[in-house]
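So the structure is just underneath, and the comments pick up after that.
Chain identifiers are assigned alphabetically (A, B, ...) following the order of the sequence lines, protein sequences preceding nucleic acid strands; residue numbering begins at 1 within each chain.
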Amino acid sequence: MSAMEPDLSVELAGLKLANPVMSASGTFGYGTEYAPYLDCSRLGAIVTKAVTLEARAGNPPPRVRETPAGMLNSIGLQNPGVEAFIAEKLPPLREFGVPIIVNISGQRIEDFVRLAERLSQADGVSALEVNISCPNVEHEGMFFGTDPELTARLVAAIAETSAAPVIVKLSPNVTDIVEMSVAAQQAGADALSLINTLLGMSIDVEARRPHLGNVTGGLSGPAIRPVAVRMVYEVAQEVDLPLIGMGGIMTARDALEFILVGATAVGVGTANFVEPASTVRVIDGLAEYCRRHGVPRVADLVGALEGT
Amino acid sequence: MSAMEPDLSVELAGLKLANPVMSASGTFGYGTEYAPYLDCSRLGAIVTKAVTLEARAGNPPPRVRETPAGMLNSIGLQNPGVEAFIAEKLPPLREFGVPIIVNISGQRIEDFVRLAERLSQADGVSALEVNISCPNVEHEGMFFGTDPELTARLVAAIAETSAAPVIVKLSPNVTDIVEMSVAAQQAGADALSLINTLLGMSIDVEARRPHLGNVTGGLSGPAIRPVAVRMVYEVAQEVDLPLIGMGGIMTARDALEFILVGATAVGVGTANFVEPASTVRVIDGLAEYCRRHGVPRVADLVGALEGT
Amino acid sequence: MPRAVAELLHREQAAPGHYLLQLRCPEIAADAKPGQFVHLRLSEGLEPLLRRPFSIMRTEPREERIWLLVQVVGSGTGLIATHDEGTVYDLLGPLGRGWRLPRANETALLVAGGVGVAPLIFLADALSVSDLGVYVRSLFGAATNEALVCWTEFAGRCNEFTTATEDGSAGEQGLVTEVLARELERGDADRVYACGPPGMLVEVARLCAEYDVPCQVSMEQWMACGVGACLGCAVPSAKGPQEYVRVCTEGPVFDTTEIAWDRMRP
Amino acid sequence: MPRAVAELLHREQAAPGHYLLQLRCPEIAADAKPGQFVHLRLSEGLEPLLRRPFSIMRTEPREERIWLLVQVVGSGTGLIATHDEGTVYDLLGPLGRGWRLPRANETALLVAGGVGVAPLIFLADALSVSDLGVYVRSLFGAATNEALVCWTEFAGRCNEFTTATEDGSAGEQGLVTEVLARELERGDADRVYACGPPGMLVEVARLCAEYDVPCQVSMEQWMACGVGACLGCAVPSAKGPQEYVRVCTEGPVFDTTEIAWDRMRP
Ligand SMILES: Cc1cc2nc3c(=O)[nH]c(=O)nc-3n(C[C@H](O)[C@H](O)[C@H](O)COP(=O)(O)OP(=O)(O)OC[C@H]3O[C@@H](n4cnc5c(N)ncnc54)[C@H](O)[C@@H]3O)c2cc1C
Ligand SMILES: Cc1cc2nc3c(=O)[nH]c(=O)nc-3n(C[C@H](O)[C@H](O)[C@H](O)COP(=O)(O)OP(=O)(O)OC[C@H]3O[C@@H](n4cnc5c(N)ncnc54)[C@H](O)[C@@H]3O)c2cc1C
Ligand SMILES: Cc1cc2nc3c(=O)[nH]c(=O)nc-3n(C[C@H](O)[C@H](O)[C@H](O)COP(=O)(O)O)c2cc1C
Ligand SMILES: Cc1cc2nc3c(=O)[nH]c(=O)nc-3n(C[C@H](O)[C@H](O)[C@H](O)COP(=O)(O)O)c2cc1C
Ligand code: FES
Ligand code: FES
């Protein structure tokens, strides 16, 4: 590495990342699936598919469907449960030698607390990412992530228990993302991830039924990027926590949109399906941008929007 | 027209439309701009660009920007004001011989009431479409359309005054679109239009500034269609009013997604910019679908989703 | 690494709306097993966004070539008609678990519906050059004569070959599953291999269960990743009332007993 | 009706990253006036979604042809390199308000920057065949020699012609606006016509105001509809502190006095 090589490292919630590029939860399996296609040890961090206390089967198929510049998914929370995750999925993940962030989900606050207890102490888990875009069975299925009070209670309970940094992943399906961010910050979140998928639906008009077996699903991909960038921008103005921006990032240019409006790191999701090596291409592209613009450290670009 | 020709007419808020296809507000000017490109008399209705009490200059440029399968706009409410609208824009609009729906916008409830008073009695105005996706200056800029109570007060005041049917155009930038719809219904709305644009933003990473002069803008086009279809679907389950569905409709197939989930009529917006004759193509495509599937009346397709 | 670029050497219309693609792709030509698929990127842009899965129809390892048979059904496959020879595709593959071969000297009954013939041609090809001494009897059904796409390629690799069309324009008139029922009744098939539309596979599975003949099917499901990471391509598994298997990883070829057919979406 | 399909008769690279397109389009060839533009659909799909505006560089009414000069700057213009001869474009046009012609026997000073030369070639062409007796003096600037795209087409239609390049690789070294300043100082230009990058136009407008020479400029702004319906292509108007005009309808050619230059985004 020459003296002019830009420094891509960033710090986030106490973690030192070699670069700001992570996989987005649910789009990179447990790391090993993509190992034949790229050098996973180059990632800033790997974020896993959601882990729940017990094994979950997921939603009825069809589960994915392409939409204009995006896709809908209704995977549901299919996963082998936390114990199987620790026993089977975590050891190979550790081999990559990069920070592992475990995305967790549950139906009651207690579920999350038990997950945090168990996972935050597990060997090789660098941080937890709390998926709050899920219904709370104790509150008539109200989504945790659409109510600031529920979010605050959930995050406070996890933050109290977790030995690892707590990243709260926000849902975009809200009137005021800033309100949710402030609630998470006050409750003790160490960082925020945004955004999760937008709730969407598409119809097979010949068969007159929804394409997805589960009727509705989560919209991801380039189509949602303008919404995601706007939300990161809004939150960055009002909240002091480091942000992980995601939503439709395909290239370094896209990642830079998020970084310039205030994201310290970025997640690459749907793009992995299109191009398995998307993450490393984004990393290389960020370095190239820094070189071209004479930016010594990518961290200098965080929030470096001009004239707004 | 042969005996087998499908009946495309629909009834909506007391209006009898020759077919369910309208222009979406702000994308069809005041009708005359597109007259050289299509036979405007074929439309089910023409919905105008927003009209305000006083003339408005609109937002600083750039005002439009393409995004993946969509576009951002920050036109602002540029319009000549209600009196100039009535004097100059309405007479040529009347010539098309189709129902004219005037989209109205304001900053305080009083503005809307005065607009309703003036316009609902104007010759050739068939209905009002109330754009509630705008900030209320009396409530610290809170958007009318993101608060159910504010929406209800606004709609009630307009409904009381208006001599013409009142269509309420909902904002998708909310946690719960059903809550807003119910509020509008209870306050006396005759129909609902959904959706307006999603709030978005995009960045010129070379110049490190937002593409739009106004920083953020409204996202429209095919990219948002899954979100729009989902919202129409949700609202159709809970509300009895006729719905006008819109968001990314380019073709009859797209329009059918909205109709099948419960829209009585549809609006075509961004597609006009791509193909000026989009509306008539959608109309022709609906007829073709009805013929192919042996559906006698397009109205039979409203909400005719199977197996959900 | 299951990843390659492949140059389009030759494209021809195999039937109305069907293209036969010959690609130069040494790695996949060398490694692919019958029943495996490739995950093809059809555009460098966003339209379509996701890759599309296609069964491998044939490999010619020495010539470093593979063959795909593609039916145009939508926007992605529609692009193929616009791709000139020389087009370079980015593809992942060979992917998935292919056909488990019959035992020596068995009679294998191959049942193809329409474009589902592709992975069965590869199977017939492998059997015809193997020293297993398998007797290959094939049934090929489609709506019309024209939709019996690549039937000569298929027939030429089988010991016995029967066609059926719904409109009677070629072979027997009727569904290929009706022919299958008769064959199973006759009782000399040791195992069945099938690929075709979902409705056909359901009926094939039902018949083979009825006659207690082991059967493998190549399944389809919408895919995102193609490599087991997204869990998008799930189909109901017979393992439990809530279990799923991934078409891209545990499949696309399954034993019919692995699938919970009653939970398949109609 | 300002709507046409146009067949791509010929495409050639006019300079690195610049294409000259010859289209068969009888309606537009017959109707277009210098300074007008066409709104071109570059894909039948969604990528790009919106049409793209291009100035008309030349018309040949008898041959039913029009010429466009396109610089590749992004995804839409990038597609042009993939379009073979015979491609049929859907376009709207001729659109907008073109150049107001000089009076008889005036001296017109045409100032072009890079690809902005296109609408000025059309103007020079119209003046060269008109009986107005206008003396056409042109200045053409670009970053490098190579970027003086179509300069022979331009020069051949002018009475006098000067080039300037920033790197000095052709003509004078420096900005074309520096040459313009000298010309205006000399004082024999009756009016100025300019098209080029925004920064250049700001400077041209400033200089012409300083020397009190009437000036028209062809402006650019991102467009959606191209026909006046969306109000997307606004630029600040001199009519009032909050007023805007539409490039697609009131322009693209404006008198510099119509524009509020101080409110243009830098
Ligand atoms: C393992 C596997 C192997 C396949 N092999 C072949 C093959 O050899 N030849 C061939 O022509 N096709 C094959 N298919 C189906 C092929 O992948 C789809 O037809 C293709 O993806 C459609 O893309 P599109 O963009 O044209 O259609 P879209 O516009 O996306 O959709 C059009 C219609 O195609 C169907 N479709 C779309 N995607 C899939 C999918 N992944 N699986 C099943 N149906 C789908 C749906 O009915 C949809 O309504 C295979 C599918 C799988 C899963
Ligand atoms: C009236 C008018 C006449 C024009 N005439 C010509 C011409 O004769 N030849 C030519 O090469 N170009 C011309 N342009 C500019 C041309 O329209 C844009 O370069 C083109 O739209 C870019 O499309 P893209 O998809 O390649 O770029 P995008 O990927 O959309 O954007 C790339 C960059 O191009 C620029 N750009 C994009 N759209 C526009 C636009 N509408 N106006 C100005 N800049 C834009 C921006 O800087 C943007 O960052 C004209 C523009 C206008 C408004
Ligand atoms: C197939 C799929 C599965 C996902 N699963 C999860 C999940 O388990 N937990 C979670 O927090 N987000 C999940 N997401 C959301 C992504 O992590 C990401 O927030 C979103 O897709 C936006 O990024 P993208 O546009 O780059 O995909 C999933 C997304 C997809 C497409
Ligand atoms: C350029 C533009 C201007 C618009 N102006 C208005 C407006 O004045 N009032 C309004 O209610 N909606 C306005 N809209 C929203 C559209 O009417 C429509 O709800 C939205 O664009 C979604 O439909 P589409 O995806 O078909 O464009 C505007 C949209 C665009 C793209
Ligand atoms: S397609 Fe992603 S797991 Fe099979
Ligand atoms: S581009 Fe729509 S008004 Fe000019």
Side-chain angles (χ1 to χ4, degrees), chain B residues 23-24 26-39 48-50 55-79 204 207 209-214 217 220-223 225 248 250-251 269-277, chain D residues 1-4 27 31 39-53 73-77 90-95 198 219-237 239-249 251 259-260 263-266:
Chain B
S23 60
T27 66
F28 209 70
Y30 298 103
T32 48
E33 294 86 347
Y34 273 117
Y37 301 95
L38 73 154
D39 177 359
T48 69
K49 171 80 190 150
R56 295 273 286 266
N59 287 328
R63 290 178 173 185
V64 293
R65 179 71 192 180
E66 185 161 334
T67 65
M71 63 174 282
L72 288 167
N73 90 78
S74 66
I75 309 300
L77 295 171
Q78 181 175 344
N79 82 96
D204 180 340
R209 65 179 180 187
H211 282 124
L212 297 182
N214 198 43
S220 64
R225 195 169 59 234
M250 307 292 286
T251 64
T270 301
N272 297 308
F273 307 151
V274 179
E275 168 46 58
Chain D
M1 191 177 323
R3 158 120 219 198
E27 307 89 330
D31 292 348
H39 210 26
L40 196 66
R41 190 159 176 197
L42 284 163
S43 149
E44 284 171 30
L46 305 179
E47 195 180 11
L49 180 66
L50 299 173
R51 290 168 184 268
R52 296 290 190 264
V73 298
S75 55
T77 49
D90 166 352
L91 43 79
L92 310 180
L95 297 174
M219 307 271 291
E220 295 194 358
Q221 182 57 280
W222 293 330
M223 290 186 178
C225 71
V227 303
C230 73
L231 310 179
C233 61
V235 291
S237 157
K239 275 205 192 132
Q242 294 258 313
E243 301 281 316
Y244 294 102
V245 280
R246 293 167 298 182
V247 169
C248 72
T249 307
I259 304 296
R263 282 161 54 217
M264 288 288 288
R265 204 189 201 200

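Pro62(B) touches chain D through backbone and side chain together, each having a heavy atom under 4.5 Å away. Using a 4.5 Å cut-off between heavy atoms, Gln221(D) touches chain B through its side chain atoms alone. Heavy atoms of Tyr34(B) lying under 4.5 Å from chain D belong exclusively to its side chain. For Pro60(B), the parts sitting under 4.5 Å from any heavy atom of chain D are the backbone and the side chain alike. Only the backbone of Met223(D) comes within less than 4.5 Å of a heavy atom in chain B; its side chain stays farther off. Contacts of Val227(D) with chain B are made by both backbone and side-chain atoms, with heavy-atom separations under 4.5 Å.
Per-residue heavy-atom pair counts under 4.5 Å with chain B were compared for Gly76(D), Ala234(D), Ser75(D), and the maximum is reached by Ala234(D). Heavy-atom pairs under 4.5 Å with chain D peak, among Gly31(B), Pro276(B), Ala207(B), Ala69(B), at Pro276(B). Among Met250(B), His211(B), Arg56(B), Gln78(B), the residue with the largest count of heavy-atom pairs under 4.5 Å with chain D is His211(B). Listed options Thr32(B), Thr67(B), Asn59(B) were ranked by heavy-atom pairs under 4.5 angstrom with chain D; first place goes to Asn59(B).
Across every non-hydrogen atom of Ala24(B) and Gly269(B), the tightest pair is CB-CA, 3.6 Å. When all heavy atoms of Gly76(B) and Lys49(B) are compared, the closest pair comes out as O-NZ, 3.3 Å. Here the shortest heavy-atom pairing between Asn272(B) and Thr27(B) reads ND2-OG1, 3.3 Å.
Contacts between residues 39-48 of chain D and chain B, defined by a heavy-atom separation under 4.5 Å, are made by Arg41(D), Leu46(D), Pro48(D).
A side-chain donor-acceptor contact under 3.5 Å links Arg246(D) to the backbone of Gly228(D). Between the side chain of Thr77(D) and the backbone N or O of Gly74(D), at least one donor-acceptor pair lies under 3.5 Å. Under the 3.5 Å distance criterion, the side-chain polar atoms of Arg51(D) are left unmatched by any main-chain donor or acceptor of Glu275(B).
Between Arg52(D) and Glu66(B) there is a salt bridge, with a side-chain nitrogen of the basic residue lying less than 4.0 Å from a carboxylate oxygen of the acidic one.
Looking at heavy atoms from C-beta onward, Leu212(B) lies out of side-chain contact with Asn73(B) at the 4.5 angstrom threshold.
Within a 6.0 Å radius of CD in Gln242(D), other residues, nucleotides and ligands contribute 12 heavy atoms or fewer.
Interatomic distance, Ser23(B) OG to Tyr30(B) OH, rounded to the nearest 0.5 Å: 12.0 Å.
Because its NZ or CZ atom is not both nearer than 6.0 Å to the ring centre of Trp222(D) and within 45° of the ring axis, Arg63(B) does not count as a cation-pi partner of that residue.
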